[in-house]
Peer 1: 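Next up is a structure, given as structure tokens.
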There are 2 protein chains.
Amino acid sequence: MEKETKQNSATQIKVFKALADPIRLAIVTYLKQQDHEVTCGEVGAVVGISKTSGTYHFKLLQAAGLITARKVAREKYVQLDPTTFEQYVTDFYKNL
Amino acid sequence: MEKETKQNSATQIKVFKALADPIRLAIVTYLKQQDHEVTCGEVGAVVGISKTSGTYHFKLLQAAGLITARKVAREKYVQLDPTTFEQYVTDFYKNL
DNA sequence: TAAATAGTTCAAAAATATTTGAACTATTTT
DNA sequence: AAAATAGTTCAAATATTTTTGAACTATTTA
């Protein structure tokens with residue numbers, strides 16, 4: 001059974017834009033290492049940004065589909081979404 | 001024999017920045033379809049940009065290593081560099 | 001040799017992206 | 001109930017990216 005290969009061009013740009021920034025790359029790197037849900041606060045502390053800046057960057061990553069988020073009481077847990085990486089990054093060149 | 005996996009983080013950002021733009025994505029798409037050297041003028045005409053804009057976008061793509069360029073008399077021939085795509089895009093997630 | 005063609009350079013203008021701090025909501029702790 | 005904590009919202013300030021046009025170099029064509 002083959003995988004789905006239809007790409008959304010607006011999403012494609014959002015994905016590359018989201019990854020084209022050192023802070024967001026640091027966030028993604030940390031989330032990959034953890035390989036499980038972590039709070040925005042934890043990630044923000046690790047990469048050294050303010051809460052406000054965190055809100056901004058997590059929003060872009062989520063809009064690109066690169067992370068999923070789950071709000072639990074006052075905390076927000078985030079995690080990478082590997083399927084988006086696969087579809088829009090890993091498979092980018094072959095689907096071009 | 002394994003492939004080299006050491007990534008340059010400045011290049012990584014340049015690559016994603018270069019791909020995070022609709023015009024440059026159109027350029028890359030056209031170059032992939034052609035699969036051989038074409039002039040900047042031809043590409044520029046296809047994607048509908050001015051010469052000046054072309055110079056700007058080809059410069060970014062080249063600085064990211066996504067295209068190679070060869071000047072022949074007054075024309076500049078460009079072509080994708082698949083190894084950069086492989087190293088910095090296709091293998092990005094696995095090397096994270 | 002004059003005119004046309006392919007592309008570059010430069011700086012100013014315009015458009016986008018990012019940072020910042022104050023004020024806010026909602027939840028948890030003391 | 002007050003204080004602390006986690007995160008959001010908003011608008012202004014700042015920074016970065018992209019576009020534009022005029023002037024330029026080098027090459028080719030008429």
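Only heavy atoms go into these numbers, but all of them, side chains included; no hydrogens, no water, no symmetry mates. Chain naming here is simple, since letters A, B, ... match the order of the sequence lines and numbering starts at 1 in each.
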Peer 1: Is it the case that one hydrophobic cluster holds both B:L25 and B:L60, taking links as side-chain heavy atoms less than 4.5 Å apart, direct or via other members?
Peer 2: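 No: no chain of side-chain contacts under 4.5 Å links B:L25 to B:L60.
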Peer 1: Tell me whether B:L66 shares a hydrophobic cluster with B:V46, the cluster being built from Ile, Leu, Val, Met, Phe, Trp, Tyr side chains joined at under 4.5 Å.
Peer 2: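 Both belong to a single hydrophobic cluster.
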Peer 1: Is there a path of hydrophobic side-chain contacts, each under 4.5 Å between heavy atoms of I/L/V/M/F/W/Y residues, joining B:L96 to A:V89?
Peer 2: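 Yes: a chain of side-chain contacts under 4.5 Å links A:V89 to B:L96.
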Peer 1: Using a cut-off of 6.0 Å, state whether more than 12 heavy atoms not belonging to A:K76 lie near its atom NZ.
Peer 2: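 Counting other residues, nucleotides and ligands, NZ of A:K76 exceeds 12 neighbours.
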Peer 1: Using atom types as modelled, flag every donor-acceptor pair under 3.5 Å from a side chain in residues 35-43 of chain B to any protein atom, sequence neighbours excluded.
Peer 2:
unit_1, atom_1, unit_2, atom_2, d
B:E37, OE1, B:R70, NH2, 2.8
B:E37, OE2, B:R70, NE, 2.7
B:T39, OG1, B:E42, N, 3.1
B:E42, OE2, B:Y30, OH, 2.4

Peer 1: Look up atom CD in B:Q79 and atom OG1 in B:T68, then write down how far apart they are to the nearest 0.5 Å.
Peer 2: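 Atom-to-atom, B:Q79:CD and B:T68:OG1 are 5.0 Å apart.
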Peer 1: State whether the side chain of A:Q87 and the backbone N or O of A:F85 hold a donor-acceptor pair below 3.5 Å, judged by distance alone.
Peer 2: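 A pair under 3.5 Å: no.
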Peer 1: Measure all distances between protein nitrogen or oxygen atoms and nitrogen or oxygen atoms of nucleotides 27-30 of chain D, and list the pairs falling under 3.5 Å.
Peer 2:
unit_1, atom_1, unit_2, atom_2, d
D:dT27, O2, B:R74, NH1, 3.1

Peer 1: Using 0.5 Å steps for rounding, measure from the CG atom of A:D91 to the CD atom of A:E4.
Peer 2: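 Spacing of CG (A:D91) from CD (A:E4) equals 12.0 Å.
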Peer 1: Any base atoms under 4.0 Å from A:T39, or only sugar-phosphate, or nothing? Heavy atoms, all strands.
Peer 2: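 Touches sugar-phosphate only.
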Peer 1: What N/O pairs connect the protein and nucleotides 17-19 of chain D at under 3.5 Å? Give each pair on its own line.
Peer 2:
unit_1, atom_1, unit_2, atom_2, d
D:dT17, OP1, B:K17, NZ, 3.2
D:dT18, OP1, B:R24, NH2, 3.1
D:dT18, OP2, B:Y56, OH, 2.8
D:dT19, OP2, B:H57, NE2, 2.5

Peer 1: Heavy atoms under 4.0 Å, any strand shown: does B:K51 hit a base, just sugar-phosphate, or nothing?
Peer 2: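 It contacts base atoms.
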Peer 1: In terms of heavy-atom contacts, does NZ of A:K3 have more than 12 from other residues, nucleotides or ligands at under 6.0 Å?
Peer 2: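 Open.
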Peer 1: Compute the bend angle of the helix from C:dT1-D:dA30 to C:dT30-D:dA1 from the end axes (five pairs per end), rounded to 10°.
Peer 2: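 Rounded value for the end-axis angle: 10°.
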Peer 1: How would you give the extent of chain A contacts on DNA chain C, as first and last nucleotide 5' to 3' within a 4.0 Å heavy-atom cut-off?
Peer 2: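 For DNA chain C, the relevant span reads C:dA17 to C:dT28.
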Peer 1: Answer with yes or no whether the hydrophobic clustering places A:L61 together with A:I23; edges join I, L, V, M, F, W, Y residues whose side-chain heavy atoms lie under 4.5 Å apart.
Peer 2: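 Yes, A:L61 and A:I23 fall within the same hydrophobic cluster.
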Peer 1: Please check this pair: side chain of A:Y88 against backbone of A:F16, looking for a donor-acceptor N/O pair closer than 3.5 Å.
Peer 2: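 No, the answer is negative, given that no donor and acceptor are paired below the 3.5 Å cut-off.
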Peer 1: For B:E86, which residues count as a salt bridge (Lys or Arg N to Asp or Glu O under 4.0 Å) partner, sequence neighbours excluded?
Peer 2: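 Partners of B:E86 by the salt bridge (Lys or Arg N to Asp or Glu O under 4.0 Å) criterion come out as none, since no residue qualifies.
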Peer 1: Using the rule that two of Ile, Leu, Val, Met, Phe, Trp, Tyr join whenever any of their side-chain heavy atoms come within less than 4.5 Å, decide whether A:Y93 and A:I13 are in one cluster.
Peer 2: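 Yes, it is one cluster - the side chains of A:Y93 and A:I13 are joined through contacts under 4.5 Å.
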